[in-house]
Number of protein chains: 2
Amino acid sequence: MAKRKQAPGERISEAEHAVMEALWTENPLSAADVCDRVCAANDWSIPTVKTLLGRLVSKGAVGTEPEGRRFLYHPLIERSDYVGGESRRLVNRLFGGRAAPLFAHLAENEALTDADLEEIEALLKEMRK
Amino acid sequence: MAKRKQAPGERISEAEHAVMEALWTENPLSAADVCDRVCAANDWSIPTVKTLLGRLVSKGAVGTEPEGRRFLYHPLIERSDYVGGESRRLVNRLFGGRAAPLFAHLAENEALTDADLEEIEALLKEMRK
DNA sequence: ATTTTCTGTTTACAAGCGTAGTCTTGACAA
DNA sequence: TTGTCAAGACTACGCTTGTAAACAGAAAAT
């Protein structure tokens, strides 16, 4: 039984994702801690963060452990799984599952910096071995 | 004044996107025509397609021209604009705007076929000139 | 021991989305 | 000419999302 990459129907919304990022960067965090890192940037108030955390918990994306009177939250899914899933979704939906057209697109629209190009080239070289 | 890439706040939802794909593949099409190409795959009924078309029209993403008693629909935004926008959104949200990490991710997860690799390599070579 | 202060839970609510039924009108066939 | 049918317009409705307030319980402070 391979480990579950992401709960089946439970998608993570964009706002929830912002919270996940905070937890991926550093965890465990209390609700207030999370707010400290995301509220300003997103113009949210604490209740909003609490709601998002609650939803993430019920979706099984974050777990809690009691610490004194409060809860500490920590991610239950890997960032790489989430990111991978979202990337693949996009590639599937927009490019029929092929990654090359996506790359071509980014290239055409100058969405690739020189650094990107070099990095990708290096990666390619590496994979080729 | 560059031509407007996509209406400001008017995002195209996933279901709407399926309709757009049909119209990008072939246009103009009547609502029934669209249904012919997308209803089966998505398990939709004609009313659903009509609703989606209506929403797309009000969002300014598709235009209509009367043909006899019916309307023919055709896209008003370019597929490449949409695709580019969505791609960039993802890259921004998940990879801080850098495309290389996305590429690395796809590579790691074997989401890249050999054909993809070759194609990308070719593109790279081309861009380098 | 009582009040204050956190923190989590519950409830709220408008907008967007997926999905679809009903209404209306005009063309076409009989 | 009138009934039928097809097409668009309008309406509906439950679910998710973004955003947040109200409530409850417990710990801390006084």
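The shown structure was predicted, so the numbers you read here are calculated from the model rather than taken from an experiment. Letters A, B, ... mirror the listed sequences (proteins, then strands); counts begin at 1. Quick note: numbers below take in every heavy atom, side chains included, and nothing from hydrogens, waters or symmetry partners.
Between A/L56 atom CG and C/dG8 atom C1' the separation is 15 Å, expressed in whole Å. Taking atom CZ on B/R11 and atom P on C/dC17, their separation rounds to 8 Å, with Å as the unit.
Comparing C/dG18, C/dT7, D/dG8 against the side chain of B/A15 picks out C/dG18 as the nearest. Of the listed nucleotides (C/dT7, D/dG18, C/dG18), C/dG18 has the atom at the smallest distance from the side chain of B/E14. Between D/dA20, D/dT19, C/dT19, one nucleotide has an atom nearer to the side chain of A/P47 than all others, and that is D/dA20. Candidate nucleotides C/dA27, C/dT7, D/dA12 were compared by shortest atom distance to the side chain of B/R55, and D/dA12 ranks first. Looking at the side chain of B/S45, the nearest of the listed nucleotides D/dT19, C/dA20, D/dG8 is C/dA20.
Counting any heavy atom pair closer than 4.0 Å across all strands shown, A/S13 reaches sugar-phosphate atoms only and no base atom. At a threshold of 4.0 angstrom between heavy atoms, the contacts of B/T51 include nucleobase atoms, whether or not backbone atoms are also involved. Residue contacts for A/T48: at a heavy-atom cut-off of 4.0 Å it reaches a base atom on one of the strands shown.
Salt-bridge annotation for A/E86 and A/R11: present, with a side-chain N of the basic residue lying under 4.0 Å from a carboxylate O of the acidic one. With salt bridges taken as basic N to acidic carboxylate O contacts below 4.0 Å, one links A/E14 and B/R89. For the pair B/E26 and B/R37, the salt-bridge criterion is met [side-chain N within less than 4.0 Å of a carboxylate O].
Nearest-nucleotide positions on DNA chain D place B/R69 closer to the 5' end than the other of B/R69 and A/K50. Residue B/L72 is the one, among A/D43 and B/L72, whose nearest nucleotide of DNA chain D lies closer to the 5' end (criterion: closest heavy atom).
When all heavy atoms of B/I77 and B/M20 are compared, the closest pair comes out as CG1-CE, 4.0 Å.
Close to C/dT7, at under 4.0 Å from its OP1 or OP2, lies a side-chain N or O of A/R70. At the phosphate of C/dC17, OP1 or OP2 sits under 4.0 Å from a side-chain N or O atom of B/K59.
Here the straight-line distance linking atom CZ of B/F103 with atom CG of A/L124 works out to 4.0 Å at 0.5 Å rounding.
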